[in-house]
Amino acid sequence: MNKDIAEILIPEAQLHAKVAELGKQITDDYAEKNLLLLGTLKGAVPFIADLARAIELPLEIDYMAVASYGDTTQSSGIVRIIKDLEGPIDQKHVLIIEDIIDSGLTLHYLVDMLRRRNPLSLCICTLLNKERERVKSIQVDYQGFSIPDKFVVGYGLDYAQRYRNLPYIGILKPVVYEGQPRPETQHQSPAEK
Ligand code: IMP
Ligand code: MG
């Protein structure tokens with residue numbers, strides 16, 4: 001185990017089993033539909049790569065990169081688009097693939113913006129859902145795991161851009177970020193996303 005990890009919350013085998021299960025559900029639900037998996041960069045990359053291979057349907061994959069503005073505007077949930085989709089989505093059933101929902105602000109903004117582009121449908125699939133009070137409520141259609149309100153890394157999730165390559169989801173030792181801004185605020189800067 002990586003020395004900075006206090007505890008493995010979700011081991012690799014459990015992640016893979018859950019991804020297979022979600023893939024089956026999505027395969028059933030989207031048969032005959034023009035499906036676009038919309039991954040959010042960078043955290044959702046390992047998840048979408050595994051999930052796409054567990055879905056037995058023709059589908060497209062595209063990515064968006066978004067960053068919240070700094071702390072002062074965080075409560076307004078204004079999000080800046082760093083990379084947009086390549087094309088229109090009005091003929092597509094869009095499934096947003098997220099790594100984690102925390103406050104709900106990022107996704108709330110994203111959903112709002114995508115709805116205005118008139119997709120045939122718009123649903124949300126998140127690997128992790130933090131058990132905390134949301135700033136914005138989000139309707140989650142597919143969820144991997146509900147997790148405690150701790151800062152986690154691995155399988156795409158980072159702290160200061162590191163640990164994304166860990167094959168499991170782990171709880172970061174607080175000593176790693178002690179004396180630094182809290183990770184929850186650090187990842188709000190565009191460079192950290
Ligand atoms: P929200 O707008 O607060 O829901 O923020 C969601 C984003 O914050 C995620 O896509 C992650 O990039 C980041 N995030 C939230 N919690 C964690 C965590 O525990 N570890 C790593 N990144 C996190
Ligand atoms: Mg993310």
Side-chain angles (χ1 to χ4, degrees), residues 2 4-11 15 37-51 62-84 95-115 122-178 180-193:
N2 185 293
D4 295 342
I5 300 301
E7 183 194 329
I8 294 181
L9 192 63
I10 310 169
L15 285 171
L37 298 183
L38 192 175
T40 54
L41 294 174
K42 308 170 191 170
V45 168
F47 180 39
I48 198 172
D50 287 344
L51 184 64
D62 203 350
Y63 298 96
M64 278 185 90
V66 296
S68 306
Y69 281 105
D71 269 357
T72 45
T73 50
Q74 197 198 348
S75 56
S76 65
I78 302 296
V79 171
R80 189 162 63 96
I81 297 176
I82 294 171
K83 185 216 170 290
D84 205 342
L95 182 57
I96 300 174
I97 310 297
E98 246 306 17
D99 47 359
I100 186 166
I101 304 179
D102 186 16
S103 70
L105 279 168
T106 312
L107 211 47
H108 181 86
Y109 181 88
L110 200 62
V111 164
D112 235 44
M113 186 192 59
L114 291 168
R115 277 206 199 293
L122 184 61
C123 289
I124 293 172
C125 173
T126 186
L127 178 67
L128 306 175
N129 202 346
K130 268 197 194 172
E131 290 156 7
R132 54 160 281 184
E133 205 182 318
R134 293 262 187 276
V135 178
K136 290 284 184 187
S137 72
I138 298 284
Q139 198 212 311
V140 178
D141 303 280
Y142 304 91
Q143 168 183 309
F145 303 89
S146 177
I147 63 161
D149 191 6
K150 298 256 171 66
F151 198 82
V152 293
V153 293
Y155 198 63
L157 290 148
D158 72 304
Y159 167 66
Q161 298 301 330
R162 291 180 58 207
Y163 310 103
R164 292 192 197 275
N165 57 325
L166 297 180
Y168 49 80
I169 300 285
I171 297 175
L172 197 59
K173 284 183 184 163
V175 69
V176 177
Y177 51 83
E178 266 160 15
Q180 308 283 326
R182 281 171 52 228
E184 286 87 341
T185 56
Q186 278 221 340
H187 70 246
Q188 295 304 332
S189 81
E192 300 294 345
K193 278 275 166 174

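When a residue number appears, it is its place in the shown sequence, counting from 1. Atoms within a ligand are numbered from 1 in the order they appear, just like the ligands themselves. FYI, side chains are in, hydrogens and waters are out, and symmetry mates aren't considered; it's all heavy atoms of this structure.
Judged purely by distance below 3.5 Å, without hydrogens or angles, the side chains of D4 and Y163 pair a donor atom with an acceptor atom.
Formation of a donor-acceptor pair under 3.5 Å by the N129 side chain with backbone atoms of S146 is not found in this model.
In this structure, the side chains of I147 and I10 come closer than 4.5 Å at one or more pairs of heavy atoms. Considering only heavy atoms from C-beta on, L166 stays 4.5 Å or farther from L157 through its side chain. Between K136 and I101 the shortest side-chain heavy-atom distance does not fall below 4.5 Å. The closest side-chain heavy-atom distance from T126 to L107 is not below 4.5 Å.
The ligand atoms of ligand 1 that sit less than 4.0 angstrom from a heavy atom of E98 are 10 (O). Residue contact check: T106 has heavy atoms under 4.0 Å from atoms 1 (P), 2 (O), 5 (O) of ligand 1. Proximity to K150 (heavy-atom distance under 4.0 Å) selects the following atoms of ligand 1: 19 (O).
Using a 4.0 angstrom heavy-atom cutoff, G43 does not count as in contact with ligand 1. Residue contacts with ligand 1: I138 is excluded, as none of its non-hydrogen atoms falls under 4.0 Å. H108 does not count as a contact of ligand 1, since none of its heavy atoms falls under 4.0 Å from the ligand.
Using a 30° and 60° split on the angle between ring planes, Y177 and F151 fall in the perpendicular class, above 60°.
Residue H108 comes nearest to I138 through the heavy atom pair N-CD1, 3.5 Å, listed as atom of the first residue, atom of the second, then distance.
Contact annotation: for D99 versus ligand 1, heavy atoms closer than 4.0 Å belong to the side chain alone. When non-hydrogen atoms are compared, ligand 1 lies under 4.0 Å from the side chain of L157 (C-beta onward) but not from its backbone. Counting heavy atoms under 4.0 Å from ligand 1, residue K130 touches it through the side chain alone.
Counting heavy atoms only, D102 comes closest to atom 15 (C) of ligand 1 of the residues D102, D158, L128. Between atom 9 (C) of ligand 1 and the options V79, I101, I100, the minimum heavy-atom separation is to I100.
Considering backbone and side-chain atoms together, V152 places an N or O closer than 3.5 Å to an N or O of ligand 1. Every N/O-N/O distance between L107 and ligand 1 stays at or above 3.5 Å.
With sequence neighbours excluded, the residues forming a side chain to side chain contact (heavy atoms under 4.5 Å, CB included) with I8 are M1, P11, Y168, listed by chain and number.
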